[in-house]
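Positions are given from 1 along the sequence. When a ligand or atom number is given, it counts from 1 through the structure's own listing order.
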Amino acid sequence: MNIVGMGVDLAEIDRIRGLLQRYGQRFKTRCFTDHEWGYAHRYSDPSARLAARFAGKEAVMKSLGVGWRKVYWTDIEITGGGMPTVNLSGTALQRAESIGVDQVLVTITHTGDKALVFALSLAG
Ligand SMILES: CC(C)(COP(=O)(O)OP(=O)(O)OC[C@H]1O[C@@H](n2cnc3c(N)ncnc32)[C@H](O)[C@@H]1OP(=O)(O)O)[C@@H](O)C(=O)NCCC(=O)NCCS
């Protein structure tokens, strides 16, 4: 098992709350899968879980050595409910395959105002 790349990102939960209030469904369609949206909305304030997933997608992009111009946000899914897992599809899966990555791991933490995610892309 080789480490191909790693990434980290920190999201301000208030900023995500603002985007959610301002753009609602448009924010969902552009950035989140149905699973991510549904998981976050199990909580009365979904902002922390959405912030974690937003940061997580950026951390995964970094671990794959690409930015959001090359990969669709919704092609990286970070599951909720226990240990998070990463499901890649479309543009993100293509990128992973092109550099030999067959598994991506993330770990998440959130406080009242920030969500931090670390990602590792692995091969072999
Ligand atoms: C997992 C645990 C260490 C999280 O610590 P915490 O300080 O409460 O919360 P943090 O903000 O640091 O971490 C939250 C993240 O931990 C992750 N997490 C949850 N369970 C996990 C597990 N078993 N392994 C790894 N990561 C886990 C999730 O990604 C969660 O974020 P998310 O809800 O956005 O997906 C803690 O909840 C724990 O010990 N749980 C034990 C399992 C348990 O009792 N579960 C009860 C389910 S009813």
Evaluate whether atom OH of Y43 has more than 12 neighbouring non-hydrogen atoms of other residues, nucleotides or ligands under 6.0 angstrom away.
yes
When you measure from atom 35 (O) of ligand 1 to each heavy atom in M83, R53, R49, which option holds the nearest one?
R53
When you measure from atom 18 (N) of ligand 1 to each heavy atom in A115, G82, A48, A55, which option holds the nearest one?
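Looking at heavy atoms only, the winner is G82.
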Quick one: nearest non-hydrogen protein atom to atom 33 (O) of ligand 1, plus distance?
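Minimum-distance protein heavy atom for atom 33 (O) of ligand 1 reads Y39 OH, 2.5 Å.
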Atom 16 (O) of ligand 1: the protein heavy-atom neighbour that sits closest, reported with distance to 0.1 Å:
I108 O, 3.7 Å
Under-4.0 Å heavy-atom contact between protein and [atom]:
| atom | answer |
| --- | --- |
| atom 44 (O) of ligand 1 | no |
| atom 47 (C) of ligand 1 | no |
| atom 2 (C) of ligand 1 | no |
| atom 22 (C) of ligand 1 | yes |
| atom 10 (P) of ligand 1 | yes |
| atom 38 (C) of ligand 1 | no |
| atom 28 (C) of ligand 1 | yes |
| atom 13 (O) of ligand 1 | yes |

V71: which of L93, V66, L64 passes side-chain contact (heavy atoms from CB on, under 4.5 Å):
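Exactly one option meets the side-chain contact (heavy atoms from CB on, under 4.5 Å) with V71, and it is V66.
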Reference residue T79; test side-chain contact (heavy atoms from CB on, under 4.5 Å); the match among T33, N87, V86:
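Among T33, N87, V86, the one that satisfies the side-chain contact (heavy atoms from CB on, under 4.5 Å) with T79 is N87.
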Are any of the N/O atoms in H110 less than 3.5 Å from those in ligand 1?
yes
Fit a plane to each ring of W73 and F54, take the angle between them on a 0 to 90° scale, and name the class: parallel (under 30°), tilted (30 to 60°) or perpendicular (over 60°).
parallel
